[in-house]
Amino acid sequence: MESTFNVKEFLIALRKRLPLIIIVTLLFVALSGIVSYTMMKPIYQASTQILVNQKITNSLQSNDLNIDANIQLVETYNIIIKSPAILSEVIEELELKESVSDLDKSITVSSEENAQILTLEVEDASMERAVLIANTTASVFQAKIKTLMNVDNVNILAPAIVPVDPEPVKPDPLFNMAIGAIIGFMLGTGLAILVEQMNTTIRKEEDIEEITGLQVLGIVSNVPGSKEYKRTTNINEKKELIADVDAEKIKGVSNPKIGGSY
Amino acid sequence: MWTQKKSKGSATRKLVGHTKPQALVNEQYRTIRTNINFSLPGHETKTILFTSAAKEEGKSTTSCNMAIVFAEAGKRVLLVDADMRRPTLHHSFHLSNKIGLSNLLLKKGRLQDCVKRSGITGLDLLLCGQIPPNPAELLSSPVLDDLLEEMKARYDLIIIDSPPLLAVTDSKILANKCDATVLVVNTGKTEKDSVKKARDALVTSKAFILGVVMNNYELTKENYYYHNYNS
């Protein structure tokens with residue numbers, strides 16, 4: 001529509017629509033707050049730490065190689081924990097309704113770099129269940145690894161416990177509201193620009209010059225409640241006017257409208 | 001009876017030019033007067049037509065107030081209501097619309113008899129008169145040319161209020177016969193397209209377009225130069 005993009009005009013337009021932007025932003029913040037506090041189920045997290053202790057069998061092995069082997073081992077264990085072999089046993093033991101893939105999604109295994117510790121995190125709607133699944137998985141893993149790897153080098157370092165006052169990890173209302181604020185602000189700004197672009201009326205003096213190429217002779221601002229024209233005080237003219245109106249009244253016609261109108 | 005008439009006249013035009021000589025709006029009308037004076041190509045320009053693209057954009061208000069500020073400047077001004085479809089001038093000045101332009105165009109009466117005094121020094125009025133069935137035909141007749149010549153001989157300036165350009169053809173006829181045309185735009189209401197069409201209509205009728213008056217302009221603090229100097 002406009003041939004040139006004027007940043008100042010754009011900002012002025014945005015400032016004019018600032019209430020709209022603020023309202024949309026607040027709306028989104030409120031919406032995300034309501035959704036995360038009432039509609040989203042809280043998710044609790046329990047974590048267990050597993051120590052992988054590699055027994056040094058060959059002292060001739062270089063130190064570097066040893067560490068490399070350990071890291072590889074940790075990564076292998078990482079995958080083993082989440083394998084169906086372990087998870088199906090956990091499901092069996094706890095008589096869970098979830099499938100293996102469901103459980104797989106709720107379990108995260110992470111390892112610190114250059115450390116022989118695995119952290120097993122379980123997310124669940126119930127804290128007790130999360131703790132139970134975490135501990136069962138760890139113990140099943142510990143028992144299974146003996147047959148799988150022919151080694152007994154896994155120890156549970158810190159079993160998951162139910163805290164006195166469990167705090168849900170998800171949803172994070174503040175984070176959600178911040179996201180809501182950003183989306184709301186962007187949407188409000190977009191809406192403001194849209195409204196501004198939809199308005200095709202003449203609003204500025206520049207519009208006239210741009211569209212018609214005519215000069216603006218002047219502007220007339222709105223007259224707030226100005227008094228109407230005061231009637232003439234000349235007595236003769238007043239009489240004339242009264243006579244005029246009288247004649248009209250007698251005839252019973254004022255402004256006979258014969259012609260067409262627009 | 002007067003009070004009756006007064007209450008009926010709620011549609012009265014805002015004649016600020018007369019009631020509030022110090023008002024900011026009045027100063028704006030004076031600015032337009034100055035700009036028109038500077039834009040006029042020589043002294044032969046005596047008839048100025050006020051028109052707009054669509055209805056209710058402030059033609060009548062603007063032409064009334066412009067007539068008042070021109071009269072204020074010491075000119076003998078005749079304000080003509082050529083809107084023969086929806087005349088309003090008699091409302092503004094609380095006059096009866098019994099005789100006026102339509103009578104003159106039908107060659108019933110003389111100019112000096114049909115002209116009414118406004119009560120403002122230097123400003124005379126020619127109302128519409130009874131609404132004729134064929135305004136366009138009346139306006140295009142050569143009688144109007146003679147009438148305009150007679151008006152020019154008697155007055156310094158003739159300001160004509162006309163119907164909207166895009167609705168009826170009257171304004172195009174008048175614009176062709178007048179020396180200059182002023183387009184009134186209702187700021188924030190008039191569509192850009194209709195202004196463009198109105199301009200094109202005036203160009204095709206070979207009118208001399210003086211410029212545009214922006215009506216109902218909302219003053220913001222950015223328009224500092226229009227702020228009232230008096231207060």
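First the proteins, then the strands, lettered A, B, ... as listed; each starts at 1.
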Separation between CZ (B/Arg199) and CG (A/Leu214), nearest 0.5 Å, reads 6.5 Å
Taken to the nearest 0.5 Å, the spacing of B/Met214 CE from A/Lys204 NZ works out to 9.0 Å
query = So A/Thr200 and B/Asp193, side-chain contact (heavy atoms from CB on, under 4.5 Å) or not? Walk me through it.
reply = CA-CA 8 Å; A/Thr200 53; B/Asp193 276 352; over 6 Å; no
Does any non-hydrogen side-chain atom of B/Val182 lie less than 4.5 Å from one of A/Leu217?
yes
Whatever's closer than 4.5 Å to a heavy atom in chain B on A/Ile202 counts as both
When the 4.5 angstrom heavy-atom criterion is applied to B/Val213 and chain A, the contacting part is both
Between A/Ile219 and B/Gln28, the two heavy atoms sitting closest are O-CB, 3.2 Å
One should read off an interatomic distance between A/Thr212 OG1 and B/Leu183 CG, to the nearest 0.5 angstrom, of 7.5 Å
Could you tell me whether a side-chain N or O of A/Gln215 sits under 3.5 Å from a main-chain N or O of B/Leu210, the two making a donor and an acceptor? yes
With no hydrogens and no angle check, just 3.5 Å: does a side-chain donor-acceptor pair link A/Thr201 and B/Glu191? no
Residues A/Arg203 and B/Tyr217: closest non-hydrogen pair is O-CE1, 4.0 Å
